[in-house]
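What follows is one structure encoded as structure tokens, with my remarks underneath.
Just so it is clear: chains get the letters A, B, ... in the order the sequence lines come, proteins before strands, and each one is counted from 1.
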Protein chains: 2
Amino acid sequence: MMFTTKTEYGMRAMTSLARNKGKTPLSLAQIAKENHISVSYLEQLMAKLKANDLVKSSKGMAGGYRIYRPARNISVFEVVEALEGPLSLFYCMSEDARKMICSRGKCLTKRVWQELQKNIIGTLRKFKLSDLI
Amino acid sequence: MMFTTKTEYGMRAMTSLARNKGKTPLSLAQIAKENHISVSYLEQLMAKLKANDLVKSSKGMAGGYRIYRPARNISVFEVVEALEGPLSLFYCMSEDARKMICSRGKCLTKRVWQELQKNIIGTLRKFKLSDLI
DNA sequence: ATAACTCCTAGTAATATACTAGGATATTAT
DNA sequence: ATAATATCCTAGTATATTACTAGGAGTTAT
């Protein structure tokens with residue numbers, strides 16, 4: 001598996017919120033029940049989504065979560081990256097790998113991973129949340 | 001990270017073998033030293049590569065590993081799949097997920113993962129080992 | 001006040017990855 | 001034959017990541 005349940009659950013939550021647009025906000029309990037996810041685990045995923053401005057929340061009674069932007073302006077890539085962190089297929093392609101030996105010379109293999117990563121991001125960007133509801 | 005060091009190390013080993021074509025076989029010790037990998041861990045990776053007919057081995061003195069086919073006939077996808085196992089981005093896309101609830105109805109999100117998976121495999125198939133040496 | 005919420009932190013359980021260790025087995029040079 | 005040099009095979013263990021659980025503090029409508 002390349003993606004974790006974080007993405008699986010987070011995407012479900014986002015589609016629930018997208019469908020709920022305009023109505024009163026959805027509480028964690030509601031989203032969790034609707035998608036068969038544990039409440040406190042979902043909570044942590046929602047925190048990531050919120051930190052990336054994909055959802056907004058209101059506290060207190062009758063509070064809950066709303067989608068931040070229209071679903072057609074949110075790409076699957078944004079959701080995935082918010083939940084899984086920045087995509088890098090290998091360590092050698094991550095931010096803190098600048099000093100690696102292999103990155104000094106010309107590494108042919110790296111080109112494969114770079115093209116692959118470009119393709120993956122491109123595909124994920126192409127799909128919007130509105131395509132999924 | 002989406003891929004593990006298995007792929008990273010395994011690819012290095014394969015390129016070493018591709019470059020060594022025609023000469024006397026490379027021993028585990030040689031491959032390991034050349035690529036800064038532990039011998040006994042590499043051993044396990046070579047077993048996977050062998051099981052998938054990507055390399056052949058000869059035992060005894062002056063034995064070692066040879067590449068099985070010409071490098072231009074081996075795609076990066078084959079190497080990756082041999083080492084990481086069959087690619088499935090999510091559990092819902094794996095072989096043993098047929099009975100899942102979501103796979104009965106029409107799951108729009110699944111289409112995204114399916115197209116993504118198609119792209120990934122396509123890209124990995126496009127690159128041959130001969131492109132990397 | 002209190003009920004219904006989000007927010008925040010610190011755990012723990014389960015699983016997967018990345019190794020290590022040691023012996024069995026095969027092949028070849030001497 | 002036998003010793004040297006290899007692969008082969010299995011069973012461990014260390015580390016890291018994932019997938020949760022638990023408990024309390026803060027916020028807001030009624």
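Residues passing the side chain to side chain contact (heavy atoms under 4.5 Å, CB included) test with A32(A) are V39(A), L42(A), sequence neighbours excluded. Taking the side-chain hydrogen bond (donor to acceptor under 3.5 Å, both in side chains) definition, one finds that S16(B) meets it with E34(B), N35(B), sequence neighbours left out. Here T24(A) pairs with nothing under the side chain to side chain contact (heavy atoms under 4.5 Å, CB included) rule; sequence neighbours left out. Among residues two or more places apart in sequence or in another chain, the side-chain hydrogen bond (donor to acceptor under 3.5 Å, both in side chains) test is passed with T123(A) by N119(B).
The span of DNA chain C lying next to chain B, judged by atoms under 4.0 Å from heavy atoms, is bounded 5' to 3' by dA18(C) to dA29(C).
With S27(A) contributing its side chain and Q30(A) its backbone, the two residues share a donor-acceptor pair below 3.5 Å.
One atom, CE of M2(A), and another, P of dT18(D), lie 14 Å apart when rounded to the nearest Å. Between Q44(A) atom CD and dC20(D) atom C1' the separation is 8 Å, expressed in whole Å. The CZ atom of F90(B) sits 11 Å away from the P atom of dA19(D) (whole-angstrom rounding). In this structure, CG of L45(A) is placed 10 Å from C1' of dC20(D), rounded to the nearest angstrom. For the pair L17(B) CG and dT7(D) P, the interatomic distance rounds to 11 Å; values are reported in whole Å. Between F3(A) atom CZ and dA19(D) atom P there is a gap of 13 Å when expressed in whole angstrom units.
Atom CZ of R19(B) has more than 12 heavy atoms from other residues, nucleotides or ligands within 6.0 Å.
The stretch residues 48-62 of chain A touches DNA chain C through K50(A), S57(A), S58(A), K59(A), G60(A), M61(A), each having a heavy atom within less than 4.0 Å of the strand. Taking a 4.0 Å limit (strictly below) on heavy-atom distances, residues 33-43 of chain A reaches DNA chain C at E43(A).
Comparing S27(B) and T4(A) along DNA chain D, the residue whose closest nucleotide (by nearest heavy atom) sits nearer the 5' end is S27(B).
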Taking only distance into account, with no hydrogens and no angle test, what donor-acceptor pairs under 3.5 Å do side-chain atoms of residues 77-85 of chain A form with protein atoms, sequence neighbours excluded?
from	atom 1	to	atom 2	distance (Å)
E78(A)	OE1	S75(A)	N	3.2
E78(A)	OE2	R69(A)	NH1	3.4
E78(A)	OE2	R69(A)	NH2	2.9
E84(A)	OE1	T4(A)	OG1	3.3
E84(A)	OE2	T4(A)	N	3.0
E84(A)	OE2	T4(A)	OG1	2.9
E84(A)	OE2	T7(A)	OG1	2.6

Listed pairs under 3.5 Å, donor-acceptor, residues 43-56 of chain B side chains, sequence neighbours left out:
from	atom 1	to	atom 2	distance (Å)
K50(B)	NZ	S57(B)	OG	3.1
N52(B)	ND2	K48(B)	O	2.9

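Among residue pairs with one or both ends in residues 109-133 of chain A, those qualifying as ring-ring contact (aromatic ring centres under 6.0 Å, His included) are F90(A)-W113(A), W113(A)-F3(B); sequence neighbours excluded. Applying the salt bridge (charged side-chain N to carboxylate O under 4.0 Å, His left out) test to residues at least two apart or on different chains, the pairs with a partner in residues 117-128 of chain B are E115(A)-K126(B). Within the structure, ring-ring contact (aromatic ring centres under 6.0 Å, His included) pairs that include any residue of residues 32-61 of chain A do not occur (at least two apart or interchain).
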